[in-house]
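Notes for the one structure printed next.
Proteins get letters first, then strands, A, B, ... in listed order; numbering begins at 1 in each.
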2 protein chains.
Amino acid sequence: MEWKLEQNGVASSPAALTGSAKAVFRTLAFSGPSTRPQIGAVLGLSRPTMSAAIAELERLGYVEMIGMVQGPLGRRAVQYRIGPGAGHVIAVDAGSTHVRLRVSTLDRRLLYSHVYRLPVRQFVMNEEISRAVAGQVAAALAQAQPEWGPLRALGIAVPTRVVGPGGDAEASRQNVVFTAFRPPSGVAVVLENNVNCAAVAERYYGAAEGEETFAYIQIGLKIGMGLMLGGQLVRGRSGAAGEIGHLSFPLAPGMEPQAGEVERYLGTESLMVRVRADWPVDAGPPPGDTAELLFLAERGNQAAQRHVDRHAADIGAIVATCVSVVDPGLVVLGGGFGASPLLLPRVRETVNRLSYAAEIRSSLLGADATVLGIERLAIERALSAALGEDA
Amino acid sequence: MEWKLEQNGVASSPAALTGSAKAVFRTLAFSGPSTRPQIGAVLGLSRPTMSAAIAELERLGYVEMIGMVQGPLGRRAVQYRIGPGAGHVIAVDAGSTHVRLRVSTLDRRLLYSHVYRLPVRQFVMNEEISRAVAGQVAAALAQAQPEWGPLRALGIAVPTRVVGPGGDAEASRQNVVFTAFRPPSGVAVVLENNVNCAAVAERYYGAAEGEETFAYIQIGLKIGMGLMLGGQLVRGRSGAAGEIGHLSFPLAPGMEPQAGEVERYLGTESLMVRVRADWPVDAGPPPGDTAELLFLAERGNQAAQRHVDRHAADIGAIVATCVSVVDPGLVVLGGGFGASPLLLPRVRETVNRLSYAAEIRSSLLGADATVLGIERLAIERALSAALGEDA
DNA sequence: CATTCAGCGTTAGGCATCTTAACTAACAAA
DNA sequence: TTTGTTAGTTAAGATGCCTAACGCTGAATG
């Protein structure tokens, strides 16, 4: 085999790695620093094969030695981690109030991060958000150090649905993020819905750690679900899987269901309207937002507790619907309102009454969930790119 | 490598086939009779590799020559198909009114089939059905011919949910099918929910042929959904995915949802109750069952059309719910009532109003869908068994 | 301090599974 | 009969893994 030579005469990344070398690279990325015997045991590879794999990866700068580890007995083993040649990724959460950005190596060592607060809350994906993304990415690119290696992938979490290749990207508004922002050329771009990203993060680092099958349901200003089945994110035919905010409502004999009513009914705006309309005069001033409502409920305020409980029951009915359709076994509740553990008892009671048994947990990751999820997806793409498995 | 010898000295199936031989075997099973160049082109294998693979399979009797095929030019090629050594499968649809049974080779050549009508309709999985299955399987086993080869798998479609390994098989009632029936020992048994089986059949032979992502929704006495996402049947954590008959209902502000009400409301029994209660005196005698109702509607009977239309709208609302949750892109309607094309216009209109765009089609397979689906699943298991990939 | 032993890493050799290249075989059309 | 095309076989080689055996390096031991 002959190497393809670039103009400057430097051999371009051959990317003709053996299967074992690829597996070792992925293991190092996902499990962190490890010794050869550790990786070999996990992957079932012999010591000679490990030697060859590490040699291949070291030649490309994909891994580097970082020290020695002494077991209780015998010679100590060399410890490796992902090297500078493997490069880095940029992950961006293009949210409606903040743009969160992380730059990391493929084994998730943080190189740079920044949170930018939008001057005005945006209610849909628009050019304002696109401009903010452009600015934050430019700032990150300006920070780049030589030892970061090449930028392998840029992940962006967007609040729209995202269609796969061949889908109608116009209808989904997913490309609005690019109106004022042009990603660096030659870099793989990963676009994913923000709720799906949060679900990914909960799976790897949060309340669903290690779970292959679960649903992540976000309840805040908007309602959405990220569905993980058998370790695979479910996107549906046109990226609309989990758009439960668009569920029709009400469903009852003789009543005419309306599209999207669930979001309007369960979203925090309409909740607060009902709270204010039905707040006892002797219960002090009504809460200004859901955080205050939850705070009052936690402190024992009866009116707040009543509203939280009623809303939890409504949420439970929607969760039960999702559970009946896909039987995820585990539901993680997230979002500004949904992540509150105050909801758990009533949601659990409602779901188990209306549907099959499902465990209900509160999110553990808070506002970082989305950016951590898109980081993970960008890293997965970057690994494929570095290993020449794009095609 | 040494062959493990059986007591009679005949070499036991070594089952140490090369990857290419396994791929060739699967291709022959799913694509039917083919020549070596055809298979090689599909799998991207060279001619020497094809030679070796065919030789391996022929030695085991897994494939056999069936003739020569002449192209427009050049030497003619030998055509092969699955051979007797590959064996056969038994597929059983343990339904509430009939037990349908098919015996087939792994490339779906029908060896024997029988439909047994239960004396009395059964409303749940019970010993009566189990006895019928036992009888029908015994009859099939009695018919077995030497040239059928070994029985590799027995598939049974049951009207209960089916939990995976490690699930609570007691709670699902799936094992009731074995109360009066003991499957032949040493044969792989495949148990699957009947609606899921019908979905599999629609995917390979019916209205969803070639589709990787769709939902099959069955509307008859009971309501159920089979979900296919990315070519994988979705079973959920405890086999309850698609149990939309258990959806809670009604969902409306101030109303208390009840578990399982969707089935009671959308099932054909309650439909006919409403039809009879609301049948004009001048419209002739009311229909006795849904088949008559559909017949009258097709003939232009206004009362029948009104009821069909209203029920189609209700079905559309449930379909829209499923579409909003998983975005299958395509929904196939099946079952005694659901398969009628009369429903299509109103279901389409309702779904597209309440949810994302989804294509709606009527089932093409009728009552055979379930047994064809379990046959396919049994064949897939049989292929793995024959290739020694069980573990 | 020398010995022993466990575990790490390398070298040598082998095997399984694929490939390409080159050949023979069989057929239709010229 | 010749020619070109396709089917199938044989030979040789590339790849990617393995096991076996041996040297290296540490801690524990006498």
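Nearer to the 5' terminus of DNA chain C, by closest-nucleotide assignment, is the contact made by B:Glu56 (compared with the other of B:Arg47 and B:Glu56). Residue A:Gly19 is the one, among A:Pro72 and A:Gly19, whose nearest nucleotide of DNA chain D lies closer to the 5' end (criterion: closest heavy atom).
Under the 6.0 Å distance and 45° angle rule, B:Arg108 does not count as a cation-pi partner of B:Phe30.
Residues A:Arg26 and A:Ser384 have side chains that bring a donor and an acceptor to within less than 3.5 angstrom of each other.
Distance B:Ile54 CD1 to C:dC18 C1': 16 Å, rounded to the nearest Å. Rounded to whole Å, atom P of C:dT20 lies 15 Å from atom CE of B:Met50. Atom CE of A:Met68 is separated from atom P of D:dC24 by 15 Å (rounded to the nearest Å). The separation between B:Leu17 atom CG and C:dC18 atom P is 11 Å, rounded to whole Å. Between A:Met65 atom CE and C:dC8 atom P the separation is 16 Å, expressed in whole Å. Counting to the nearest Å, the C1' atom of D:dA7 and the OH atom of B:Tyr80 are 10 Å from each other. Between the CG atom of B:Leu43 and the C1' atom of C:dC18 there is a distance of 14 Å, rounded to whole Å. Look at CD on B:Gln38: it is 15 Å from C1' on D:dG8, rounded to the nearest Å.
To the nearest 0.5 Å, atoms CZ (B:Phe25) and CD1 (B:Ile39) are separated by 11.5 Å. For the atom pair CD of A:Glu211 and OG1 of A:Thr213, the computed distance is 8.5 Å after rounding to the nearest 0.5 Å. From B:Thr105, atom OG1 reaches atom CG of B:Leu110 across 9.0 Å, with rounding to the nearest 0.5 Å.
The 12-atom threshold is not exceeded at CD of B:Gln232, counting heavy atoms of other residues, nucleotides or ligands nearer than 6.0 Å.
With C:dC27, D:dA7, C:dA21 as the candidates, the nucleotide lying closest to the side chain of B:Pro37 is D:dA7. Closest contact between the side chain of B:Thr49 and the listed nucleotides D:dA7, C:dG9, C:dC18 involves C:dC18. Closest approach to the A:Ala77 side chain among C:dT19, C:dG9, C:dT17 is made by C:dG9 (side chain taken as heavy atoms from C-beta onward).
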Check step by step if side chain to side chain donor-acceptor pair (under 3.5 Å) holds for B:Ser34 and B:Gln79.
CA-CA 5 Å; B:Ser34 316; B:Gln79 198 177 39; over 6 Å; no
Using the side chain to side chain donor-acceptor pair (under 3.5 Å) rule, take B:Arg36 and B:Ser51 through it: C-alpha gap first, then chi angles, then the decisive distance, then the call.
CA-CA 8 Å; B:Arg36 285 201 251 193; B:Ser51 275; 3.1 Å; yes
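Between D:dC17 and A:Thr18, a contact under 4.0 Å exists linking OP1 or OP2 to a side-chain N or O. Note on A:Ser20: a side-chain N or O is less than 4.0 Å away from OP1 or OP2 of D:dC17. A sub-4.0 Å separation between OP1 or OP2 of C:dC27 and a side-chain N or O of B:Arg76 is present.
The residue B:Thr35 sits apart from the nucleic acid: no heavy atom pair falls under 4.0 Å. Within the nucleic acid shown, B:Ser46 comes within 4.0 Å of at least one base atom, counting heavy atoms only. Contact annotation for B:Gly44: backbone-only contact, meaning every heavy-atom pair under 4.0 Å involves sugar-phosphate atoms and none involves a base.
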Which protein N or O atoms sit under 3.5 Å from an N or O of nucleotides 1-6 of chain C?
none

